[in-house]
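Reading through the structure tokens given below for one structure.
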Amino acid sequence: YGTDSQGVASASEGIVVGIPNGTVDIVGCEIRGGSGTGTQTVSVGVRVNATGTKVQVIADRIYGGARSGASSVTYGVLAENVGSISVVDSFVHGGTIGPTGSTSVAVQVVGAQPAIVFDTLYTGPGSGTGIALSPATTGAIITGDLIVGGHAGNYGVFATTCTSIATLDHTVFANIDTALYDCSGTGGVPITTMSGLVAQFPSAASDRVVENTTACVASLDTSYCIPDPSCPAPSTTCLPSLFGASWTPGDDGLAGLFHPSGADGGASLGGWTLAPPVPCALAKGGAPVTGIATDGFGATRSVTTPTVGAAEVTGSCSP
């Protein structure tokens, strides 16, 4: 759990990886970035600044922390300098921010060739992004993820350049109100519909899904959409429809993230699970990934009807 003192220069991190040319595995942990009140400050769950180091973040529950000062930022995972990084089977809350001018990010990578696979990523309730990639990032693999917004100026995936991503498929976007994918900094156009995303990344098109009533109706993306009357909306309204009792509206999901709720499958560890009955388009949204046989709870992933996000769905799905 990160800690902080007041002041402009202060920062708070749960775990910092700083040794160069090493190998670090962060597995099965509960990590909180801490909180602070200073302006222009930062909270981070996992921060990596280690040239040449291979980092694996596996089956963790991570909260980016909270910042109430203006022009501040929170990150669930921030890789500023790294040889390679993978984030797998993890539940990540980007963090809680205060005034206008602040932002939160679930996973941000500067450089390297990241693999972000089978994760449940929440932007946070304010203006935030699920996955952010810098200009130096190339070959990014994004697959099997569930990216959820708080409906307040949210982006699913933001890439500074349009050449950062090698694979973006089998991913669900829910409650994202600004753009599913944006690389407009280098001439791209922000993509707000699933058909537009499919055109940008043609592979495995049928396995991308968005759960958002407005986007589905306005774009007529019926092949890729699951209309949800509770979304788009603030996280307190929309996310319980997606995660059921494992999401705790009163604290923006934090109790559900860190403590067992006894609901939606009765997971023994904290983490958000899809609420039954799970739509089949969500339950079958993923795809087998070599080397990833279990989910964030250790449950064996199905190789015939694999699921999206950090938690394997058990039982039947609804049409």
Side-chain angles (χ1 to χ4, degrees), residues 64 66-67 72-76 91-108 116 119-133 142 145-160 165 168 171-185 188-201 208-244 247 249 252-253 272 274-275 279 281-282 285 308-309:
R67 288 280 146 184
S72 295
V73 62
T74 60
Y75 303 91
F91 303 89
V92 183
H93 183 312
T96 306
I97 56 175
T100 301
S102 297
T103 189
S104 57
V105 183
V107 177
Q108 178 157 325
I116 304 169
D119 300 299
T120 299
L121 307 176
Y122 172 47
T123 67
S127 176
T129 301
I131 299 172
L133 306 173
I142 301 170
D145 296 305
L146 172 55
I147 302 175
V148 182
H151 189 60
N154 301 124
Y155 294 82
V157 178
F158 182 89
T160 308
I165 298 173
L168 173 55
T171 291
V172 172
F173 298 83
N175 211 37
I176 302 296
D177 69 328
T178 302
L180 305 179
Y181 170 72
D182 188 352
C183 65
S184 56
V189 177
I191 294 174
T192 60
T193 66
M194 291 305 291
S195 56
L197 193 67
V198 169
Q200 183 77 19
F201 301 97
R208 292 192 201 84
V209 180
V210 63
E211 178 160 328
N212 186 323
T213 296
T214 301
C216 294
V217 173
S219 66
L220 301 179
D221 274 345
T222 55
S223 298
Y224 313 110
C225 284
I226 301 175
D228 185 339
S230 299
C231 307
S235 55
T236 53
T237 302
C238 170
L239 271 58
S241 74
L242 187 68
F243 295 121
W247 180 267
D252 199 47
W272 307 310
L274 292 170
L282 286 179
V308 73

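The first residue of the sequence shown is numbered 1, and numbering continues consecutively from there.
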Checklist entry - Would you say H93 and P125 make side-chain contact, with heavy atoms under 4.5 Å? => result yes
Item to check | Sub-4.5 Å side-chain heavy-atom contact between L146 and L121 | outcome: no
Item to check | ring pair (Phe, Tyr, Trp, His ring centres under 6.0 Å) partners for F91, two or more places apart | outcome: F297
Checklist entry - Considering all heavy atoms of both residues, which atom of R67 and which atom of V73 are nearest to each other, and what is their separation? => result CG-O, 3.9 Å
Checklist entry - Does T178 offer a backbone N or O that forms a donor-acceptor pair with the side chain of T192 under 3.5 Å? => result no
Checklist entry - Is N154 reaching over with its side chain to a backbone N or O of G126, donor-acceptor style, under 3.5 angstrom? => result yes
Distance-only donor-acceptor hits, side chain of residues 231-240, under 3.5 Å, sequence neighbours excluded:
| from | atom 1 | to | atom 2 | distance (Å) |
| --- | --- | --- | --- | --- |
| S235 | OG | Y122 | OH | 3.2 |
| S235 | OG | D252 | OD1 | 2.9 |

Checklist outcome for this item: SG of C183 to CD1 of I191, rounded to nearest 0.5 Å, is 6.5 Å
Next on the checklist: Taking T123's backbone N and O only, do any of them form a donor-acceptor pair with S104's side chain (distance below 3.5 Å, no angle check)?
Outcome noted: yes
Checklist entry - Is there a donor-acceptor pair closer than 3.5 Å between any side-chain N or O of T74 and the backbone N or O of G94? => result yes
Checklist entry - To the nearest 0.5 Å, how far apart are CG in D228 and CG in N212? => result 8.5 Å
Item to check | Donor-acceptor under 3.5 Å (T96 side chain, A66 main chain) | outcome: no
Item to check | M194 side chain near L180 side chain, heavy-atom distance below 4.5 Å | outcome: yes
Next on the checklist: Working note: L133 + I165, criterion side chain to side chain contact (heavy atoms under 4.5 Å, CB included); need CA distance, chi angles, decisive distance, verdict.
Outcome noted: CA-CA 9 Å; L133 306 173; I165 298 173; 3.6 Å; yes
Checklist entry - Which pair of heavy atoms, one from A106 and one from G130, lies closest together, and at what distance? => result CB-O, 3.1 Å
Checklist entry - Just by distance, do the side chain of D145 and the backbone of D119 share a donor-acceptor pair under 3.5 Å? => result yes
Checklist entry - Relative to each other, are the rings of Y155 and F158 parallel, tilted or perpendicular (30° and 60° limits)? => result perpendicular
Item to check | Atom of D177, atom of A152 and distance for their closest heavy-atom approach | outcome: OD2-N, 3.7 Å
Checklist entry - For the side-chain contact (heavy atoms from CB on, under 4.5 Å) test, which of I147, I176, T171, D182 pairs with V157? => result I147
Item to check | Test applied, side-chain contact (heavy atoms from CB on, under 4.5 Å); reference residue, Y75; option that passes from V105, T103, V107, V92 | outcome: V105
Checklist entry - Any sub-3.5 Å donor-acceptor pair from W272's side-chain atoms to G253's backbone N or O? => result yes
Item to check | Working for side chain to side chain contact (heavy atoms under 4.5 Å, CB included), residues L197 and F173 | outcome: CA-CA 11 Å; L197 193 67; F173 298 83; 3.5 Å; yes
